[in-house]
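Below is one structure, written out as structure tokens, with a few remarks after it.
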Amino acid sequence: MRCRRCRRPAIVDVRRHNAAFCADCFVRHCRDQVARAIHHFEMIGAGERVLVAVSGGKDSLGLWDILLDLGYAADGLYLGLGIGAYSDESHRHAAGFAAARGASLVTVDLPADYGYDIERGAAAARRAPCSACGLSKRHLFNQAAVDGGFDVVATGHNLDDEAAVLFGNVLRWNTDYLGRQLPVLPPSEGFVRKVKPLIRLGEREMAAYCVVRGIDYIVEECPMAEGNRHLGYKDALNRIEEQSPGSKQAFYFGFIERTAELFRPGAVAEQAGLHPCLECGSPTTGDVCAFCALVARARQQ
Ligand code: SF4
């Protein structure tokens with residue numbers, strides 16, 4: 001197996017591109033894919049400040065590394081979820097990467113700063129843990145970006161993640177979610193822009209990227225992930241991809257390029273009905289936003 005670019009011995013193959021790369025050319029390939037996504041979808045403008053949501057895993061640390069190498073002013077944001085040893089370890093990896101790269105890491109801790117962990121929050125809100133976690137992350141990532149004067153929040157969702165979410169949304173025809181499942185969510189009153197620069201790279205590529213770059217990431221999955229529907233969707237798509245390389249990319253980019261706009265009016269109408277939360281001022285459809293309601297219920301427990 002030879003590197004597609006330089007013909008030296010290859011160390012990693014990317015079947016959907018029918019290509020293999022040596023270590024140096026693979027790093028270049030990953031940077032190129034991120035740069036291409038940022039440019040094509042106008043994710044980050046010149047001179048803008050980026051807040052990267054980092055979990056200590058391969059995707060978010062790999063993304064942060066690539067953005068720094070591409071010359072972006074990118075700080076990290078770590079959100080402590082209070083999930084026992086998993087949270088301790090993930091914070092250690094995020095802080096270790098920041099120290100090694102001389103980058104700035106903002107830390108928000110749910111138990112210390114808001115008085116609940118994911119388990120308590122889920123019980124209080126009568127939601128599944130991942131639902132309470134997603135709600136907390138969406139609110140606090142945006143809040144940290146607004147407070148810190150950042151222009152954009154970047155998350156480490158990769159092609160596998162996005163294809164699995166799309167698969168789930170299509171299976172149930174969740175048209176509201178389909179209208180929001182875009183690589184860029186534009187800024188609006190109270191919200192900074194959200195971008196997903198890893199959409200052209202798969203999970204396996206991100207793991208290989210971190211190994212090649214010597215990035216020490218947390219390998220263990222979050223213990224709350226067990227039974228998560230998206231893991232089943234990923235397995236199903238992996239079986240399809242195995243037989244037909246490129247299927248995930250065709251599925252996801254076909255949606256973005258040919259269909260996503262059809263679902264936009266619903267998402268835009270939803271945005272139009274927002275007004276400030278009475279507690280925190282964040283945009284919401286009710287008097288109090290879902291995050292403040294969750295915090296209040298968790299405190300009553
Ligand atoms: Fe949060 Fe669920 Fe992911 Fe764990 S698996 S980090 S609880 S969304």
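Positions are given from 1 along the sequence. Note that ligands are numbered from 1 as they come in the structure, with each ligand's atoms numbered from 1 the same way. Note that the coordinates shown come from a computational prediction; the quantities given were computed from them, not determined experimentally.
- Of the listed residues (Arg213, Arg31, Arg8, Arg5), just one forms a salt bridge (charged side-chain N to carboxylate O under 4.0 Å, His left out) with Asp24, and that residue is Arg8.
- Close approach of ligand 1 to Met224 is summarised as follows: ligand atoms under 4.0 Å from at least one heavy atom of the residue are 4 (Fe), 7 (S).
- Salt bridge status for Lys58 with Asp65: absent, with no side-chain N to carboxylate O gap under 4.0 Å.
- Scanning all protein heavy atoms for the shortest distance to atom 1 (Fe) of ligand 1 gives Cys133 SG, 2.3 Å.
- Distance alone, capped at 3.5 Å, is enough to place a donor-acceptor pair between the Asp161 side chain and the Asn158 backbone.
- Looking at Cys222 against ligand 1, only its side chain comes within 4.0 Å, counting heavy atoms.
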For the pair Phe291 and Thr284, evaluate side chain to side chain contact (heavy atoms under 4.5 Å, CB included) and give the outcome as yes or no after the intermediate values. CA-CA 10 Å; Phe291 177 75; Thr284 179; over 6 Å; no
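- Counting heavy atoms only, Cys130 comes closest to atom 5 (S) of ligand 1 of the residues Cys130, Ser136, Ser131.
- Close approach to Ala225 involves these atoms of ligand 1, each under 4.0 Å from a residue heavy atom: 5 (S).
- Residue contacts with ligand 1 for Lys137 involve side-chain atoms from C-beta outward but no N, CA, C or O (heavy atoms, distance under 4.0 Å).
- For the pair Arg200 and Tyr252, the cation-pi criterion (under 6.0 Å, within 45° of the ring axis) is not fulfilled.
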